[in-house]
Amino acid sequence: MPEENDMPSRPVGRTGKPELSPENDERVQIYFLPNLLTAGNLACGFFALTWIFKYERALGFEPILIAIRLILAAFACDFLDGRLARLAKKESQFGREFDSLADIVSFGVAPAFLVYRIVLYQFERSGWVIAAMYLICGGIRLARFNVLSMRPEAHKGREFIGFPIPSAAAVVVSVAMFMMWMVGKGHELGPSRYALAGLMVLLSILMVSNVRYPTFKYIDWTPARSVAAFAFAAVMGLLLVSQFEVTLAALFVAYLLYGLVRPWVSKRWRREIESDESDDDEGDTIDG
């Protein structure tokens with residue numbers, strides 16, 4: 001029989017059971033509400049795929065429109081889960097990994113397949129290549145984010161390096177919804193319907209690029225704003241109610257273009273637009 005001193009030592013708690021150190025603890029911390037929203041994001045992506053499968057060109061765009069609404073709902077869930085986790089200080093590695101898995105379905109697979117079904121199928125092999133390129137670049141973007149977010153300074157980042165995949169999906173589906181709205185109004189799209197293919201290529205490049213975009217993750221709604229900023233917000237709210245398809249596409253495309261022209265925008269205007277930023281934080285960047 002081994003002597004007592006030969007037994008491996010483990011900390012013992014008040015109940016007499018060995019206590020696990022944080023490094024050896026196999027339990028995973030799951031914060032309920034943020035991860036419930038992430039689950040909603042993933043579910044919306046799956047339901048969107050089921051509606052895309054139901055689409056038949058002869059029967060109209062209704063299944064595609066439902067899929068677009070579901071992808072936008074996934075975007076809303078993704079927008080809220082991270083902010084809720086930061087507000088409650090409940091961020092975790094599990095939440096980050098779960099969020100990335102949900103994002104690749106809702107903002108990678110679903111938009112790529114949607115655009116293939118309505119436009120890219122006409123390009124035979126190149127259509128598959130464009131859709132696959134978008135999905136692969138989105139996956140690389142998420143993997144790079146997970147690696148860089150482990151760095152100690154990552155939580156302070158107020159800039160995205162590269163275009164975030166949720167916003168890329170929002171650009172794709174909002175532009176697609178705008179085009180369908182145009183068709184519903186009796187307009188002929190003609191060759192312009194192929195713009196979605198070029199947009200997918202551009203987004204693929206921007207997702208893995210070093211172009212920087214403001215995160216808008218730390219907006220403080222309490223400070224005083226200029227009259228122009230308040231008027232802009234009020235007008236955007238009214239336009240979203242009255243001309244939803246047009247305004248939504250315009251907002252997401254504007255965010256896409258803003259990152260490209262941002263280096264030439266004056267610091268004064270950048271502070272006005274990116275009201276959550278401060279001079280002290282201009283150097284903080286994350287990849288997400």
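Numbers for residues simply follow the sequence, beginning at 1.
- Figure legend: R96 and F145 shown without cation-pi pairing, the cationic atom not lying both under 6.0 angstrom from the six-membered ring centre and within 45 degrees of its axis.
- With contacts defined as side-chain heavy-atom distances shorter than 4.5 Å, the pair L206/Y213 qualifies.
- Taking Q243 as the reference, nothing meets the side chain to side chain donor-acceptor pair (under 3.5 Å) condition, with sequence neighbours excluded.
- Contact of the V175 side chain with the M179 side chain is registered, since non-hydrogen atoms from C-beta on lie closer than 4.5 Å.
- A centroid separation of less than 6.0 Å is found between the aromatic rings of F252 and F75.
- Contact annotation: the side chain of Y255 approaches that of P164 to within less than 4.5 Å [non-hydrogen atoms, C-beta and beyond].
- A salt bridge between E62 and K54 is absent, with no side-chain N of the basic residue lying under 4.0 Å from a carboxylate O of the acidic one.
- Residues that satisfy the side chain to side chain donor-acceptor pair (under 3.5 Å) test with S174, not counting sequence neighbours, are absent from this structure.
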Would you please test E245 and K185 for salt bridge (charged side-chain N to carboxylate O under 4.0 Å, His left out) and show each step?
CA-CA 12 Å; E245 295 85 355; K185 295 291 184 180; over 6 Å; no
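- Judged as a side chain to side chain donor-acceptor pair (under 3.5 Å), and not counting sequence neighbours, the contacts of D103 are N41.
- Between I118 and Y55, some side-chain heavy-atom pair lies under the 4.5 Å cut-off.
- Using bins of under 30°, 30° to 60° and over 60° for the plane-to-plane angle, the ring pair F113/F53 lands in the tilted bin.
- For the pair F123/V129, no side-chain contact is recorded, criterion being any heavy-atom separation below 4.5 Å from C-beta on.
- Annotation: side chain of W128 is not in contact with side chain of M133 (no heavy-atom distance under 4.5 Å).
- Environment of CZ in F47: sparse, with no more than 12 heavy atoms of neighbouring residues, nucleotides or ligands closer than 6.0 Å.
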